[in-house]
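For reference, the structure is listed below as structure tokens.
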Number of protein chains: 2
Amino acid sequence: MSVLIVGSTALDSIKTPKAENPRLLGGSASHAAVAASFFSPVQLIGVVGEDFPKKYLDLYKKHKIDLTGLQILPGKTFHWSGEYELNMNNRRTLATELGVFETFNPTLPKSHQNAKFVLLANIAPALQHHVLDQTTNPKFVVADTMDLWLNIALEDLIKLIKRIDGFVLNDSEAHQLTKEDNVFTAIKKIHKMGPKYVIIKKGSHGSVLSSPKGIFICPAYPLHKVVDPTGAGDSFVGGMMGYLAAAKGSIDTNIRRAMIYGAVTASFCCEGFGLNQTTKTTRSNIESRVKELEQLTKF
Amino acid sequence: MSVLIVGSTALDSIKTPKAENPRLLGGSASHAAVAASFFSPVQLIGVVGEDFPKKYLDLYKKHKIDLTGLQILPGKTFHWSGEYELNMNNRRTLATELGVFETFNPTLPKSHQNAKFVLLANIAPALQHHVLDQTTNPKFVVADTMDLWLNIALEDLIKLIKRIDGFVLNDSEAHQLTKEDNVFTAIKKIHKMGPKYVIIKKGSHGSVLSSPKGIFICPAYPLHKVVDPTGAGDSFVGGMMGYLAAAKGSIDTNIRRAMIYGAVTASFCCEGFGLNQTTKTTRSNIESRVKELEQLTKF
């Protein structure tokens, strides 16, 4: 089955203590879509400007991502530039140029409206609502978010959380949303806001799922070197949704393994700038790391 | 088989945002010994002053801890007082009164010199050396440490690391010791300093083992409420060593499961002040949480 993914489609200029990479393909939807494409067909909803390099359109196509829902509008592509500190855990935004994103009004092509697996990747909650409004009968809807929306669009976000099956956020965002330091207490509060599935991302410490079948502690794949963590969270949730859309059986049966596949896909993302390493990997590389994770967690 | 444990035996005055508890039984050896006692007989090496409450000696005895190696000297018991911030991850020392610890010269009773499992719990590296010098033929020696010794006794500590089988430290100490931000790169560097087994503690994020059989990612038991994390790391390594000393088969066969038992014992420690909750638990409570962890990590 396909995964419908809406989110940002951007050009990212990323600076780390060791290198500088201008105008890479980035954005939550790009990372999530490429990650999901290893497992399922993907329908991408996004917007880019006329400056968007053809090579990036070709890259989407190489991953067989359906671009019917990608608008190309007069103006500039959304551009984010940021800088990482030495330990890669802290980053600061240097500039954000919204470009064509300022007036983005995502419209679902008729062929996409019946999507069963819907990933509302990180983007303004109003746009997440707007895409969800256009779906007719989704089976499993997951939304991701970021601190920005907790700061400037909290009301929209809280309304969105009521409408979705799964909510994905990182530990500091969970703390910001619930005022709870303890991750498991925060999860309880988030369940009360709506979603049956709550996933807390903890970066290199892995992630935690709370679902009707209880808690799952999901490890991160151990990396000796992190080149650029931008998009790792998007790759995680994209990989997870791609795996779920392809898997037979219930969400509850598959979601733990889906998170493992998401974590492994995210590990490749961290090993290169932007999507450089993710796009070089293969399903068989992913399977090897999943097997490794099975060994690394056995007791 | 018995575990020989040397470390601090102290009175801890612990303040959290919610409560204040003066002169609780504490110290690395106390926490580690009680934790190990759920699995194996324990021989404790330590020193207390004449002010040491009889009820705490009784508590050791209740856990069948061999006190032949516990010196009771004229003077005051080592006293630590500290305060936790709201999120329980940051603490600051308010006062340290060494008391009888100032002149502590641990002497191994003859009956203890042949110990096979030796835990050099957190204490000055010179004292860890001194105890190790008196053992005749240990099978598995593990040392724990803290940032203080990295700051004031680094040379002693580096010499100690060469002599031991397993080294346990937390992630910030690993960073301090190796100047490496990445935990897995830090581990590689620590192996080069001597120990075959390196364990990095990451608090509520679990721990990581690197051994001749590769990496093991060990989860923490999920807690909804942390009352007082003092001694959790000592309980972890104590529980691990107790389990190892009791288990049949090689260290490599047993160490992953031993860490799980250590993590679970540490979870009880966090649920009460000082040793309050650890001493109330039972082997059967521990087994239940181990079973739970098996479920929580399955995929």
Side-chain angles (χ1 to χ4, degrees), chain A residues 17 84-90 171-172 175 179-189 200 202-211 213-227 243 253-263 270 290 292-299, chain B residues 17 84-90 171-172 175 179-189 200 202-211 213-227 243 253-263 270 290 292-299:
Chain A
Y84 284 89
E85 284 178 20
L86 195 62
N87 74 9
M88 295 287 176
N89 288 321
N90 301 321
D171 42 3
S172 68
H175 168 64
K179 313 289 173 245
E180 285 293 341
D181 273 306
N182 182 293
V183 112
F184 300 99
T185 313
I187 285 173
K188 273 196 173 175
K189 283 200 174 175
I200 311 284
K202 306 194 299 173
S204 63
H205 299 303
S207 57
V208 172
L209 160 75
S210 173
S211 79
K213 297 271 181 190
I215 296 286
F216 171 53
I217 302 173
C218 178
Y221 180 85
L223 287 176
H224 286 260
K225 203 178 160 191
V226 172
V227 173
Y243 183 89
T253 307
N254 296 316
I255 192 163
R256 289 177 169 218
R257 224 170 157 75
M259 286 172 70
I260 294 287
Y261 277 85
C270 293
V290 168
E292 264 187 85
L293 264 187
E294 282 168 0
Q295 289 307 317
L296 296 174
T297 52
K298 232 183 215 163
F299 62 87
Chain B
Y84 283 90
E85 284 177 21
L86 195 63
N87 74 8
M88 295 286 175
N89 287 322
N90 302 321
D171 41 4
S172 68
H175 168 64
K179 313 289 172 248
E180 286 293 342
D181 273 305
N182 183 293
V183 115
F184 300 99
T185 314
I187 285 173
K188 273 197 174 173
K189 284 200 175 176
I200 310 285
K202 306 194 298 172
S204 62
H205 300 303
S207 57
V208 173
L209 160 75
S210 172
S211 79
K213 296 271 180 190
I215 296 286
F216 170 53
I217 302 173
C218 178
Y221 179 85
L223 287 177
H224 285 262
K225 201 177 161 192
V226 172
V227 173
Y243 182 89
T253 308
N254 296 315
I255 193 162
R256 289 177 168 217
R257 226 172 154 74
M259 286 172 69
I260 294 287
Y261 276 85
C270 292
V290 168
E292 264 188 85
L293 265 187
E294 282 169 359
Q295 290 307 319
L296 295 174
T297 53
K298 231 181 216 166
F299 62 86

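Numbered from 1 within each chain, the chains take letters A, B, ... in sequence-line order.
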Which value, rounded to the nearest 0.5 Å, describes the distance between B:Leu293 atom CG and A:Phe299 atom CZ? 5.5 Å
Rounded to the nearest 0.5 Å, how far does CD1 of A:Ile200 lie from OG of A:Ser172? 10.0 Å
Based on non-hydrogen pairs under 4.5 Å, which of B:Asn182, B:Ile187, B:Ile255, B:Val226 is most in contact with chain A? B:Asn182
For chain B, which candidate among A:Met259, A:Lys202, A:His175, A:Glu180 shows the most heavy-atom pairs at distances under 4.5 Å? A:Lys202
To the nearest 0.5 angstrom, please state how far the OG1 atom of A:Thr185 sits from the NZ atom of A:Lys179. 15.0 Å
Using non-hydrogen atoms only, which part of A:Leu296 is less than 4.5 Å away from chain B: side chain, backbone, both, or neither? both
CZ (A:Arg257) and OH (A:Tyr243) are apart, to the nearest 0.5 Å, by 5.0 Å
Please identify, among A:Asn254, A:Val208, A:Ile215, the residue contributing the most non-hydrogen atom pairs under 4.5 Å to chain B. A:Ile215
For chain B, find which of A:Lys298, A:Lys225, A:Lys188, A:Glu294 contributes the most heavy-atom pairs closer than 4.5 angstrom. A:Lys298
Would you name the heavy atoms of B:Ile217 and A:Ala220 that are closest together and state the gap between them? CD1-O, 3.7 Å
Quick one: which of B:Gln295, B:Lys213, B:His224 has the most heavy-atom pairs under 4.5 Å with chain A, could you say? B:His224
